[in-house]
Number of protein chains: 2
Amino acid sequence: MHRSERQLIARLRRRTRSSKSSGVTLGIGDDCAVLEIPRGHEAVVTTDFSLEGVHFRREWQTPECVGHRCLTRGLSDIAAMGGTPLAAFLSLAIPGSIPGAWVTRFFSGLLGLARKHKLELAGGDTAQSPGGVLADITVVGFVRRGRALLRSGARAGDLIYVTGSLGESAAVLQLLTGGKIRRRDVFPQPRIAVGQSLGEEGIASAAIDISDGLSTDLSHICEESGVGAVIDAALIPISASARHSRKALDLALHGGEDYELLFTASEKIRVPERIAGVKITRIGQITGKRGMRLMREGRERPLIARGWEHFSGPRVS
Amino acid sequence: MHRSERQLIARLRRRTRSSKSSGVTLGIGDDCAVLEIPRGHEAVVTTDFSLEGVHFRREWQTPECVGHRCLTRGLSDIAAMGGTPLAAFLSLAIPGSIPGAWVTRFFSGLLGLARKHKLELAGGDTAQSPGGVLADITVVGFVRRGRALLRSGARAGDLIYVTGSLGESAAVLQLLTGGKIRRRDVFPQPRIAVGQSLGEEGIASAAIDISDGLSTDLSHICEESGVGAVIDAALIPISASARHSRKALDLALHGGEDYELLFTASEKIRVPERIAGVKITRIGQITGKRGMRLMREGRERPLIARGWEHFSGPRVS
């Protein structure tokens, strides 16, 4: 490694001291971090890999973008539970060939997003990498006891909603793999404030974040809830880059790494058009009959879950 | 990958259902796990890499041993805080070339240790590896509020103790790298029950686990506590394999991955000879003067922190 683990930890410690959040009793520098979960709340925990050559390529994205997306993967899971993030833990392995400036810029992207959501980088691990940049992010947050948004709460008749727009990461990936562009950063925003509203105001019956693609993530809700779903193709909000593609609908349906929220709510609940400034779009309805279907130009056909990994070959964005 | 992520997750879920622990409200299968931290307690969190070619080699150790040691790295950090483990999260990337049986046996080793310590594998991530087996373990535990054992609590005059014996992993690594043996498993036991006693009975003033070698981990206590230390070489408990080496003392002083606890206690406290069945050995004393020294055969010389990575070339055990 071009710098010792100790130096990297010292760097982490310097950089994160300024972002100390109230729930972190003890951050980097001991065997464990110590976190205070507020009374009446439970801890929510998620871990996500960001592996070079699998989840990103250094030649396609700036280091800031790789760092931002690394933390986004974890924060988006917290958002999908209706949780509030408290602390992140980063395990980072770097090959000796990576310039120090790359690592500095990676942290800049990751910590910029951490500051925005007031969470502290409270620990982690460092190692020399046997090949490529290897990052694993753990995010710990909290949610009011018994109020976590689950995948299993959808009921027949519930309406289906998404935040923001879909297909941006997949559209850009298509341009990159096709050689149409050489580099492009996409900075998805984890929908923390939306998730908090969905949970605290009792709006959502089920929720998941769209990391593997709408079709795949909807299938998880259907499986866990024991229901089916019908989606209206015309209602799906398609991102700017995806709209320019001939495969716009496929990108929005099956492209991954959008990090928008997919949620269901009872028909009786009035869901606002915007929550925390983010557009909310109704796209379909939960059915008692199992299986997913897509309505398009007056015809209904089965909707197959063909997520990210099956969509466009290598799972690299 | 030789099996899809979904299959791996299904396997995780089946295998861990039987080990469900009381504090895990929601385990594998949603965006996050939900954990209940007992009232009056704080959460303790640690993450640790186990990378093929860096922390282990498949030709040197059985898959069960690699899995056991992967979780030991995390549990040992919980022990060093005086904590009780609650749940583990495993991010695991596997190359397509790894046989399914290897993965099954890896889980067998990891989950056997989890059952022993009554913690649940509550989540994680899976991916195809760009090279080698890549594992990152996160362990979440809890400790009574304000009672976590820190590295920073050692005071001049405190006595220094270690659990068990030192140098076993380093001695075996020396035999493996020297070609004296072809394979050898070492199964270190994380000292959870000892750590709990040290914390709850108010015995220890500071603690750390010996993962990087006694000299390096003692230097962390000295740095964080703003003190120095003197160690009596004759008192250091040396493991069976290390005793056969001509470099026995070096192996015990600087060899890593012992996962014993190193702790300090006031001179006024009577420290038992055994805690939770584990031998406790006094090896030295904390000094007000900075720096570490080693007493050996009547002579005192500086003790340099030259941990694992500097000790024997590649950091592979």
Side-chain angles (χ1 to χ4, degrees), chain A residues 4-5 25-26 29-37 39 42-49 51-55 76-81 83 87 89-91 93 122-132 134 136 138-141 143 145-146 148-152 207-209 224 309 315, chain B residues 4-5 25-26 29-37 39 42-49 51-55 76-81 83 87 89-91 93 122-132 134 136 138-141 143 145-146 148-152 207-209 224 309 315:
Chain A
S4 76
E5 295 187 13
T25 308
L26 182 72
D30 215 300
D31 295 282
C32 293
V34 182
L35 308 180
E36 177 81 33
I37 303 298
R39 202 162 158 176
E42 294 170 301
V44 285
V45 185
T46 179
T47 71
D48 289 280
F49 267 137
L51 306 177
E52 184 177 350
V54 179
H55 302 94
S76 184
D77 285 323
I78 300 287
M81 304 299 282
F89 299 80
L90 174 69
S91 288
D125 193 15
T126 56
Q128 180 157 2
S129 169
L134 313 172
D136 188 45
T138 298
V139 182
V140 180
V143 65
R145 183 175 293 123
L149 296 174
L150 307 184
R151 297 177 178 181
S152 56
I208 191 171
D209 72 317
E224 295 292 330
E309 62 187 316
R315 188 178 169 171
Chain B
S4 76
E5 294 186 13
T25 308
L26 182 72
D30 215 299
D31 296 282
C32 293
V34 182
L35 309 179
E36 178 79 36
I37 303 297
R39 202 162 158 175
E42 294 170 300
V44 285
V45 185
T46 178
T47 72
D48 289 281
F49 268 137
L51 307 177
E52 184 177 351
V54 179
H55 302 94
S76 183
D77 284 322
I78 300 288
M81 304 298 282
F89 300 80
L90 175 68
S91 288
D125 193 14
T126 56
Q128 181 157 2
S129 169
L134 312 172
D136 189 46
T138 298
V139 182
V140 179
V143 64
R145 182 174 294 122
L149 296 173
L150 307 184
R151 298 177 178 182
S152 54
I208 191 171
D209 73 316
E224 295 293 329
E309 64 187 314
R315 188 178 168 170

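Order of the sequence lines fixes the chain letters, A, B, ..., with proteins taken first and strands second; residue numbering starts at 1 for each chain.
Closest approach of A:Val34 to B:Met81, counting heavy atoms only: CG2-CE, 3.7 Å. Counting all heavy atoms, side chain and backbone alike, A:Asp136 lies closest to A:Phe49 at OD1-N, 3.3 Å.
Chosen from A:Val44, A:Leu51, A:Val45, the residue pairing most often with chain B at heavy-atom distances under 4.5 Å is A:Val45. Interface summary for chain B: among A:Val139, A:Ile208, A:Asp209, A:Thr46, the most heavy-atom pairs under 4.5 angstrom belong to A:Ile208. Heavy-atom pairs under 4.5 Å with chain A peak, among B:Ser91, B:Pro130, B:Gly131, at B:Ser91.
With a 4.5 angstrom heavy-atom cutoff, B:Leu149 touches chain A only via backbone atoms. For A:Ala33, the parts lying near chain B are the backbone and the side chain together; criterion is any non-hydrogen pair under 4.5 Å. Looking at B:Ala207, the atoms closer than 4.5 Å to chain A (heavy atoms on both sides) all sit in the backbone: N, CA, C or O.
Using a 4.5 Å heavy-atom cutoff, the side chains of A:Leu26 and B:Leu150 are in contact. Between A:Glu42 and B:Ile37 there is no side-chain heavy-atom pair separated by less than 4.5 Å.
Side chains of B:Thr138 and A:Thr138: a donor on one and an acceptor on the other come within 3.5 Å.
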